[in-house]
Colleague: 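Below is one structure. I have some questions about it.
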Amino acid sequence: MKIIVLSLDNEIGKKRRDLINYEYEWFQGNDKLENVPEEFIKKMNKMYNISDNLFKAKVCQFYGYYQILKKIVSEEIDNVIICEDDAILKDISLPDKFNTSEILLLNSILHHPTSWKKNTKKYHNDNILPLINNFIEGINEIDYNKYKWSCCACIYYPTHQKCLELINEIDNCKKITTFDLWLSKHKIIKNLIYPSIFKIEDNGVSQIHKASGLIDNYKTIK
């Protein structure tokens with residue numbers, strides 16, 4: 001099992017990489033728009049109220065993932081996990097490979113399936129938590145009628161051919177947003193594993209938008 005970590009070469013990135021508890025290959029992220037092709041920038045959906053810094057972060061993060069996918073295809077890497085630098089392996093031994101031929105979500109946050117406005121704490125407690133509590137141990141099909149997900153800090157890609165399919169989806173898409181929300185919106189990932197393999201801990205600092213704190217088993221832990 002190979003793990004590639006997307007991480008910026010800055011103070012926050014270094015602190016996070018120092019906490020990583022597994023062997024990995026560092027893929028250095030980029031935070032400069034001038035290093036992203038213009039045609040890729042034009043794909044990013046720019047809301048009227050988005051700041052320049054947030055727009056830049058969204059573009060650069062997505063393009064970082066795109067570059068890693070390209071690397072996986074060009075080097076014909078199979079059985080690989082792409083992590084962000086705040087993904088920490090739980091007290092679990094990674095298998096040699098996961099028993100799936102599909103891209104697999106290893107942790108994230110679950111939300112209301114259609115509306116951010118309805119994504120309240122009450123909705124989470126009444127609807128999302130019971131779903132999580134009913135997950136079976138192992139691979140579960142994602143029910144996009146009942147929830148969507150965010151946070152792409154740890155995703156398993158079984159083959160480089162699956163990565164090529166994903167690259168083609170990106171190339172043929174006219175509009176993109178953050179990588180996680182784009183994947184979720186287009187229902188690219190069909191399955192998740194429970195319990196989560198990694199916990200995601202940003203220690204109150206996000207280099208994209210809002211910090212989430214600790215994410216474990218598909219929910220935030222306050």
Side-chain angles (χ1 to χ4, degrees), residues 1-31 57-58 60-75 77-98 100 102-110 139 142 149-160 162-163 166-167 170 178-184 188-189 191-221:
M1 180 85 69
K2 183 179 182 67
I3 302 178
I4 300 174
V5 171
L6 176 62
S7 179
L8 290 173
D9 186 15
N10 59 16
E11 184 178 353
I12 294 173
K14 183 180 184 308
K15 286 181 178 179
R16 289 181 175 179
R17 291 192 304 275
D18 286 344
L19 297 175
I20 291 176
N21 59 349
Y22 46 85
E23 295 293 324
Y24 67 93
E25 178 181 340
W26 175 23
F27 188 94
Q28 186 172 318
N30 162 63
D31 59 359
K58 289 169 65 175
C60 290
Q61 184 221 32
F62 200 123
Y63 189 61
Y65 276 105
Y66 184 78
Q67 289 179 296
I68 296 175
L69 292 170
K70 287 274 195 177
K71 168 186 170 69
I72 290 170
V73 171
S74 67
E75 298 179 15
I77 303 170
D78 296 330
N79 196 33
V80 59
I81 299 172
I82 302 177
C83 284
E84 294 179 6
D85 55 15
D86 54 356
I88 303 298
L89 186 64
K90 294 164 64 174
D91 189 17
I92 295 172
S93 296
L94 274 177
D96 292 333
K97 64 185 300 184
F98 292 103
T100 179
E102 299 295 330
I103 301 171
L104 183 63
L105 195 62
L106 304 181
N107 198 8
S108 69
I109 311 172
L110 307 189
I139 294 174
I142 295 175
W149 58 271
S150 68
C151 188
C152 52
C154 41
I155 297 175
Y156 172 71
Y157 300 84
T159 64
H160 66 279
K162 279 293 178 182
C163 292
L166 183 48
I167 288 169
I170 296 168
T178 53
F179 188 60
D180 56 343
L181 297 185
W182 182 85
L183 289 170
S184 185
I188 302 292
I189 300 180
N191 300 297
L192 60 81
I193 195 163
Y194 184 85
S196 61
I197 301 296
F198 295 84
K199 61 182 180 179
I200 305 162
E201 191 161 12
D202 60 23
N203 291 309
V205 178
S206 172
Q207 298 189 85
I208 302 296
H209 192 26
K210 295 179 180 178
S212 298
L214 173 62
I215 303 167
D216 192 12
N217 289 335
Y218 302 93
K219 57 183 180 289
T220 56
I221 309 296

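Any value given below was found using the heavy atoms of this structure, including those in side chains, with hydrogens, waters and symmetry copies removed.
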Colleague: For Asn30, which residues count as a side-chain contact (heavy atoms from CB on, under 4.5 Å) partner, sequence neighbours excluded?
Modeller: Lys32, Asn35, Val36, Cys60
Colleague: Which heavy atom of Ala153 sits nearest a heavy atom of Asp86, and at what distance?
Modeller: CB-OD1, 3.9 Å
Colleague: What's the shortest heavy-atom distance between Asp78 and Thr159, and which atoms?
Modeller: OD1-CA, 3.2 Å
Colleague: Is Ile81 close to Ile155 at the side-chain level, that is, under 4.5 Å between some pair of heavy atoms?
Modeller: no
Colleague: Would you mind reporting whether Met1 and Asp96 have side-chain heavy atoms less than 4.5 Å apart?
Modeller: no
Colleague: Is there a side-chain contact between Ile197 and Phe98 in this structure, where contact means two heavy atoms from C-beta onward sitting under 4.5 Å apart?
Modeller: yes
Colleague: If the condition is side-chain hydrogen bond (donor to acceptor under 3.5 Å, both in side chains), which residues does Lys14 pass it with, not counting sequence neighbours?
Modeller: Asp18
Colleague: If the condition is salt bridge (Lys or Arg N to Asp or Glu O under 4.0 Å), which residues does Asp216 pass it with, not counting sequence neighbours?
Modeller: Lys90
Colleague: How would you list, by chain and number, every residue that makes a side-chain contact (heavy atoms from CB on, under 4.5 Å) with Ser7, sequence neighbours excluded?
Modeller: Val5, Arg17, Trp26, Asp85
Colleague: To the nearest 0.5 Å, how far apart are NZ in Lys199 and CD1 in Ile221?
Modeller: 10.5 Å
Colleague: Please identify each residue that fulfils side-chain contact (heavy atoms from CB on, under 4.5 Å) with Ile142, with sequence neighbours left out.
Modeller: Leu105, Tyr144, Tyr147, Trp149, Ile189, Leu192
Colleague: List in chain and number order the residues that pass salt bridge (Lys or Arg N to Asp or Glu O under 4.0 Å) with Glu23, two or more places apart in sequence or in another chain; answer none if no residue qualifies.
Modeller: none
Colleague: Taking the side chain as every heavy atom from C-beta outward, state whether Tyr156 and Ile82 have any atom pair closer than 4.5 Å.
Modeller: no
Colleague: Side chains of Glu84 and Gln61: closer than 4.5 Å at any heavy-atom pair?
Modeller: yes
Colleague: Taking only residues two or more places apart in sequence, or in another chain, which ones meet Lys71 in a salt bridge (Lys or Arg N to Asp or Glu O under 4.0 Å)?
Modeller: Glu25, Glu75
Colleague: Can you check whether Leu166 reaches Ile188 side chain to side chain, under 4.5 Å on heavy atoms?
Modeller: yes
Colleague: My understanding is that only one of Leu181, Leu183, Leu110, Ile215 makes a side chain to side chain contact (heavy atoms under 4.5 Å, CB included) with Ser150; could you say which?
Modeller: Leu181
Colleague: Kindly give the heavy-atom pair with the smallest separation between Ala87 and Cys154, and that separation in Å.
Modeller: CB-CB, 4.5 Å
Colleague: Tyr157 and Asn79: side-chain hydrogen bond (donor to acceptor under 3.5 Å, both in side chains), yes or no, with the steps?
Modeller: CA-CA 6 Å; Tyr157 300 84; Asn79 196 33; over 6 Å; no
Colleague: For the CD1 atom of Ile72 and the NE2 atom of His160, what is their distance to the nearest 0.5 Å?
Modeller: 10.5 Å
Colleague: Holding to side-chain hydrogen bond (donor to acceptor under 3.5 Å, both in side chains), I want the full list of residues that pass it with Asp180, two or more places apart in sequence or in another chain.
Modeller: Thr178
Colleague: Tyr24 vs Ile4, test: side chain to side chain contact (heavy atoms under 4.5 Å, CB included). Steps then yes/no.
Modeller: CA-CA 6 Å; Tyr24 67 93; Ile4 300 174; over 6 Å; no
Colleague: Taking only residues two or more places apart in sequence, or in another chain, which ones meet Phe62 in a ring-ring contact (aromatic ring centres under 6.0 Å, His included)?
Modeller: Phe40, Phe179, Trp182
Colleague: Tell me, please, which residues at least two apart from Ile167 pass side-chain contact (heavy atoms from CB on, under 4.5 Å).
Modeller: Tyr66, Leu69, Lys70, Val73, Asp171
Colleague: Kindly determine whether Leu214 and Thr220 satisfy side chain to side chain contact (heavy atoms under 4.5 Å, CB included), including the steps that lead there.
Modeller: CA-CA 6 Å; Leu214 173 62; Thr220 56; over 6 Å; no
Colleague: Using the test ring-ring contact (aromatic ring centres under 6.0 Å, His included), find all partners of Phe198 that sit at least two apart in sequence or belong to another chain.
Modeller: Tyr22
Colleague: If you round to the nearest 0.5 Å, how far is CD1 of Ile3 from CD1 of Ile20?
Modeller: 9.0 Å
Colleague: Kindly give the heavy-atom pair with the smallest separation between Asn217 and Ser196, and that separation in Å.
Modeller: OD1-N, 2.8 Å
Colleague: Got a second to check how far Tyr218's OH is from Ile200's CD1, nearest 0.5 Å?
Modeller: 9.0 Å
Colleague: So, using salt bridge (Lys or Arg N to Asp or Glu O under 4.0 Å) as the criterion, who are the partners of Lys162 when residues are at least two apart?
Modeller: Glu102, Glu165
